[in-house]
Amino acid sequence: MAKGNSSGCLGVAIVLIIVLAVIGVAGLFYLFTPKRSSHAIFPTIKAEESTTLVFQEGAMPRFPFPQPGDTISREQFVAFKIDEDSTELSRESFRKVANRTKVRWNLQTRNVADRSGVLLGQFELPWEIRNGSSIKGSSAQVSAEFTDESRANLLKLRRGDWVVVAGELSFDGNSVSIKNARLPDDPLPAESE
């Protein structure tokens, strides 16, 4: 009778070990499987707001197509600009949906100038695509038209500074600009009565 009990215990122990192993493997799979956002799949190495956007080769971001009224992120804009496989239809549709969308992007300053009373800022969004130790990259160019309320804050900017620019996105062919641009510390515009 003792022999029967020990073989029964051995069988229960083996089943218990198998169950624990399956639970352990499932737990590890869950922990190390990339999580997917309901809005976008964006496999980046880093996405800090004041650095170069970095993508992995072979894992380029694929965002759902924006709908009217959606916000357009820096990442979504850069992905649109560098996607060599997008069709003319999708590019034109993206421009139409994104045109006149309000944005608030952190951009790197290239230059600021006064052109006949219009304050124009030239900014960029640097990006890289990494494949192991290989890196290729460039930047997306964005211009911005500011009102005179921004002058004092624009005078503080130097080339290479990162600054938050808010305004309305505008597409003109391949050129992209932010109209009615403002900086965070700009005074509120005077209201006309």
Side-chain angles (χ1 to χ4, degrees), residues 37-44 46-57 59-129 136-151 153-154 157 159-186 188-189:
S37 162
S38 61
H39 296 296
I41 299 168
F42 187 60
T44 61
K46 57 185 177 180
E48 291 110 10
E49 281 293 304
S50 61
T51 60
T52 300
L53 296 174
V54 180
F55 305 95
Q56 287 290 345
E57 181 77 40
M60 291 301 294
R62 294 191 66 144
F63 290 94
F65 199 80
Q67 300 302 310
D70 285 356
T71 59
I72 306 296
S73 68
R74 298 175 338 138
E75 295 82 4
Q76 191 172 10
F77 171 72
V78 170
F80 154 74
K81 291 291 282 183
I82 66 176
D83 184 359
E84 297 173 350
D85 296 324
S86 65
T87 64
E88 188 176 329
L89 175 64
S90 65
R91 285 178 176 273
E92 186 57 34
S93 297
F94 181 90
R95 284 187 196 97
K96 284 180 182 174
V97 171
N99 196 42
R100 305 189 59 91
T101 299
K102 295 208 180 297
V103 295
R104 184 178 170 85
W105 290 347
N106 202 357
L107 302 169
Q108 191 170 29
T109 306
R110 289 181 54 221
N111 195 22
V112 180
D114 184 335
R115 300 281 187 246
S116 304
V118 178
L119 297 172
L120 294 175
Q122 298 298 321
F123 301 94
E124 61 188 356
L125 255 171
W127 55 267
E128 293 177 352
I129 299 175
K136 67 178 179 178
S138 187
S139 61
Q141 308 303 309
V142 180
S143 62
E145 292 180 19
F146 294 90
T147 61
D148 208 48
E149 286 87 7
S150 300
R151 184 177 295 273
N153 287 323
L154 290 170
L157 291 180
R159 294 173 199 262
D161 285 351
W162 286 87
V163 63
V164 175
V165 179
E168 192 174 90
L169 203 56
S170 178
F171 288 86
D172 183 15
N174 288 329
S175 299
V176 179
S177 62
I178 299 175
K179 305 288 187 186
N180 303 313
R182 299 182 49 75
L183 301 176
D185 296 331
D186 286 352
L188 294 173

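Here the structure is a predicted model, which means the values were calculated and not measured. One is the number of the first residue; the rest follow in order along the sequence.
- Closest of all the heavy-atom pairs between Ala144 and Ala181 is CB-CB, 3.8 Å.
- Interatomic distance, OG1 of Thr101 versus CD1 of Ile178, reported as 11.5 Å (0.5 Å rounding).
- Side chains of Trp105 and Phe77 form a contact here, defined as non-hydrogen atoms less than 4.5 Å apart.
- No hydrogens or angles considered: nothing links the side chains of Ser143 and Gln141 as a donor-acceptor pair under 3.5 Å.
- Under the 4.5 Å side-chain criterion, counting only non-hydrogen atoms from C-beta, Leu120 is in contact with Glu145.
- The structure places CD of Gln108 at 5.0 Å from CD of Glu124, a figure rounded to the nearest 0.5 Å.
- Side chains of Ser170 and Val176 form no contact here, defined as non-hydrogen atoms less than 4.5 Å apart.
- Closest approach of Glu149 to Arg182, counting heavy atoms only: CB-NH1, 4.5 Å.
- Residues Leu119 and Asp148 meet the side-chain proximity criterion, which asks for heavy atoms closer than 4.5 Å.
- Counting only residues at least two apart or in different chains, salt bridge (Lys or Arg N to Asp or Glu O under 4.0 Å) contacts with residues 111-121 comprise Asp114-Arg151.
- The distance from atom CD1 of Ile129 to atom OG of Ser138, rounded to the nearest 0.5 Å, is 10.0 Å.
- Scanning all heavy atoms of the two residues, the minimum distance from Val163 to Thr109 falls at CG1-OG1, 3.8 Å.
- We find the CZ-NZ distance between Phe146 and Lys179 to be 12.0 Å, quoted to the nearest 0.5 Å.
- Nearest heavy atom pair, residue Leu53 against residue Arg74, reads CD2-NH2, 3.3 Å.
- The environment of Arg100 atom CZ is sparse: at most 12 non-hydrogen atoms of other residues, nucleotides or ligands sit within 6.0 angstrom.
- Gln76 and Ile72 get closest at one heavy-atom pair: OE1-CA, 3.8 Å.
- The closest donor-acceptor contact from the side chain of Asn111 to the backbone of Gln122 lies at 3.5 Å or more, if one exists at all.
- Within the 4.5 Å cutoff, side-chain heavy atoms of Thr87 are placed close to those of Leu89.
- Side-chain N/O atoms of Asn153 and Asp186 include a donor and acceptor closer than 3.5 Å.
- Within the 4.5 Å cutoff, side-chain heavy atoms of Leu125 are placed close to those of Leu107.
- When all heavy atoms are compared, the tightest approach of Pro126 to Trp162 is CD-CH2, 3.7 Å.
- Arg110 contributes no side-chain N or O that, together with a main-chain N or O of Phe123, makes up a donor-acceptor pair within less than 3.5 Å.
- Annotation: salt bridge (Lys or Arg N to Asp or Glu O under 4.0 Å) contacts of Lys96 (sequence neighbours excluded): none.
- Ion pairing between Glu92 and Arg95 holds under the 4.0 Å rule for side-chain N and carboxylate O.
- Two residues are said to be in side-chain contact when any heavy atoms from C-beta on lie closer than 4.5 Å; Val165 and Leu183 meet this criterion.
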